[in-house]
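These notes concern the structure reproduced below.
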Amino acid sequence: MKKIDRLVWAGGFSGKCFGLRVGIRANTRDALTKLRPALPLGWRDTRRPVVDSLYSFIEGGPESRPGIKRFSILYSGAARLARTHDLTELTTVFENDLQLAVAEAAPRHAFVHAGVVSWRGRAIVMPGFSFSGKSTLTAALVRLGATYYSDEYAVFTLHGRVQPFARPLHMRTTDGQPGDKIPVESLGGRPGVKSLPVGLVVETTYRKGCRWRPRRGTTGHGILALMAHAVPIQRRPRWTMSILSRALPGGYHLKGARGEADAVAERILSKFADW
Amino acid sequence: MSMPKRRECDLVIENLKDEILVYDERSAKIHCLNGGTAVVFRHCDGRTSISKMAEMLCPDPKASSEAYLAVGLALAELGRLDLVCNIPDRLEEMGRTSRRDFALKFGTAVGLVPAVMSVMAPSVAMAASCGNENQICCSGDTPCNSGLGCCSKTSSGNKGKCVKSFNC
């Protein structure tokens with residue numbers, strides 16, 4: 001880290017995101033502005049010099065000698081995250097790493113990898129692994145009138161309520177490739193603004209041609225489903241468990257593979273979300 | 001004679017209304033103990049006998065044999081998961097009775113059937129979207145989207161990262 005500190009830094013800024021203090025410094029002022037669009041939801045600039053996590057960005061480019069181009073390099077602490085000529089690649093790495101760092105270390109919020117919508121004052125949380133169809137089901141629920149909270153993280157407060165993390169929906173193409181980032185307004189929906197209690201946990205994975213016949217689980221099964229996708233569970237198990245165990249006091253849990261999202265979304269709202 | 005005793009260290013226990021959630025820091029597994037198993041687990045303090053546990057599980061003397069078998073099944077399961085030690089051998093043998101057999105034999109006492117549901121606690125990388133370029137590699141046979149390769153050299157820590165393979 002001392003070697004990185006010794007380099008010449010033209011400037012930097014610090015901020016807070018879900019309570020995590022993050023600092024970013026760069027070798028040129030121009031480089032700092034290039035990282036700004038990649039800052040995560042909930043970012044707030046601060047003036048404090050003390051941070052929990054520090055990113056260092058060295059912007060490359062052509063050198064005075066002909067034919068030589070310096071790499072752009074990104075560090076998180078002392079660990080090198082990227083060394084590339086492609087600035088888009090570097091900002092993507094920065095965006096992903098910072099979002100994950102916030103999800104793992106946020107001191108007052110527990111992040112669970114899940115899609116979330118709200119319906120009649122309660123949250124429907126859909127935890128799942130990548131490629132399980134969370135964003136598709138979230139989008140289908142939003143099209144039916146549910147309020148959009150997130151397609152990536154259910155963010156739980158210390159009281160076990162879900163807070164919005166309404167980034168644009170990241171939909172994949174049919175072959176699993178990354179597709180466009182879709183603003184929720186283009187689906188006819190709107191993002192949520194306030195925290196809500198959980199009404200329903202839906203644990204489901206897309207399986208082609210499958211008919212959704214969910215089994216109703218206990219409160220413990222619902223919390224277990226949330227914990228199986230909780231980002232900080234290995235690092236802070238006691239803390240994460242105590243938050244998530246407050247998340248489902250009156251809600252319940254459904255589990256089962258599903259087919260097409262539109263039909264499932266309609267059944268969830270008409271049959272199961274009847275609070 | 002030593003009585004069943006739950007493990008003291010590396011366990012995080014959260015009591016719910018009827019169930020218990022247990023996080024095992026050694027195996028990074030989370031277990032959800034159902035009502036019957038939770039009663040047994042709570043009384044694995046090294047002092048409570050198995051017959052006493054059976055009585056607590058089901059105070060009705062007519063169902064004492066069912067309750068005893070349920071305690072045996074629960075203890076065998078808890079022992080298998082390394083949550084409880086000092087389990088008598090005869091109970092471990094009893095654990096070979098399946099829950100299905102138990103339910104068939106004692107249909108009326110089906111509420112006593114011990115059940116433990118377990119999941120692996122995810123690493124940070126597992127609990128995030130994966131597979132796109134510059135994102136963390138997914139687990140399984142196809143860790144990255146097509147045209148990309150999973151490269152552990154370009155990423156911090158042990159997380160592999162999906163990159164265009166010539167960049168790795």
Side-chain angles (χ1 to χ4, degrees), chain A residues 75-84 86 88-97 99-101 103-104 111-113 127 129-131 134-135 151-153 170 172 175-178 217-221 223-225 227-235 237-238 240-242 244-245 248-249, chain B residues 10-25 28-35 37-38 115-140 142-148 153-157 159 161-164 167:
Chain A
Y75 293 93
S76 167
R80 195 176 75 194
L81 294 180
R83 180 174 171 267
T84 176
D86 182 356
T88 317
E89 182 189 332
L90 189 133
T91 49
T92 313
V93 172
F94 171 69
E95 186 178 2
N96 292 336
D97 194 84
Q99 185 166 303
L100 209 55
E104 187 188 11
F111 282 64
V112 174
H113 192 216
F129 290 109
S130 258
F131 292 93
K134 293 186 306 296
S135 297
D151 73 334
E152 178 71 0
Y153 289 122
H170 288 37
R172 292 181 201 271
D175 59 348
Q177 294 300 304
T218 62
T219 307
H221 293 161
I223 297 165
L224 195 70
M227 290 208 290
H229 300 280
V231 183
I233 186 80
Q234 287 204 11
R235 183 167 156 169
R238 193 177 299 278
T240 311
M241 274 175 86
S242 74
L244 295 182
S245 62
L248 210 61
Chain B
D10 302 330
L11 289 185
V12 181
I13 298 166
E14 189 71 40
N15 287 290
L16 303 177
K17 195 179 166 195
D18 300 317
E19 298 155 292
I20 292 182
L21 290 167
V22 183
Y23 178 74
D24 186 345
E25 288 177 301
K29 278 185 178 175
I30 316 159
H31 310 286
C32 176
L33 316 184
N34 78 340
T37 319
V116 180
M117 190 183 263
S118 305
V119 293
M120 281 299 293
S123 63
V124 175
M126 280 165 74
S129 283
C130 59
N132 295 337
E133 188 174 3
N134 296 312
Q135 283 190 338
I136 293 152
C137 305
C138 304
S139 54
T142 51
C144 297
N145 294 335
S146 63
L148 303 173
K153 288 180 206 163
T154 58
S155 187
S156 60
K159 300 175 229 168
K161 200 177 74 176
C162 294
V163 294
K164 286 175 190 154
N167 281 343

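Every chain is numbered from 1, with letters handed out A, B, ... down the list of sequences. Just so we're clear, the structure is a prediction, and the values are computed from it rather than from any experiment.
Contact of A:Phe111 with chain B is not made at all, since no heavy-atom distance falls under 4.5 Å. With a 4.5 Å cut-off on non-hydrogen atoms, A:Ser76 does not touch chain B at all. Using a 4.5 Å cut-off between heavy atoms, B:Leu16 touches chain A through its side chain atoms alone. Residue A:Ala225 does not touch chain B at all, counting heavy-atom pairs closer than 4.5 Å.
Taking both residues in full, the closest heavy atoms of B:Val119 and A:Ala228 are given as CG2-CB, 3.8 Å, listed atom of the first, atom of the second, then distance. Closest heavy-atom contact between A:Met227 and B:Ile30: CE-CG2, 3.3 Å. In this structure, A:Ala230 and B:Pro122 approach most closely via the heavy-atom pair O-CG, 3.5 Å. Heavy atoms only, all atoms of each residue included: A:Gly220 and B:Leu21 are closest at O-CD2, 4.0 Å.
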> Taking it one step at a time, do A:Thr218 and B:Asp18 satisfy side chain to side chain contact (heavy atoms under 4.5 Å, CB included)?
Replying inline: CA-CA 9 Å; A:Thr218 62; B:Asp18 300 317; over 6 Å; no

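Annotation: the span from A:Leu244 atom CG to B:Glu14 atom CD amounts to 9.5 Å, rounded to 0.5 Å. Remark: A:Ile233 CD1 to B:Met120 CE distance equals 11.5 Å, nearest 0.5 Å.
Using modelled atom types, no side-chain atom of A:Gln234 and backbone atom of B:Ala28 make a donor-acceptor pair closer than 3.5 Å.
Looking at heavy atoms from C-beta onward, B:Glu19 lies in side-chain contact with A:Thr219 at the 4.5 angstrom threshold. Side-chain contact check for A:Leu224 versus B:Met117: some heavy-atom pair is nearer than 4.5 Å.
Highest contact tally toward chain B, considering only A:His221, A:His229, A:Glu95, is held by A:His221 [criterion: heavy-atom pairs under 4.5 Å].
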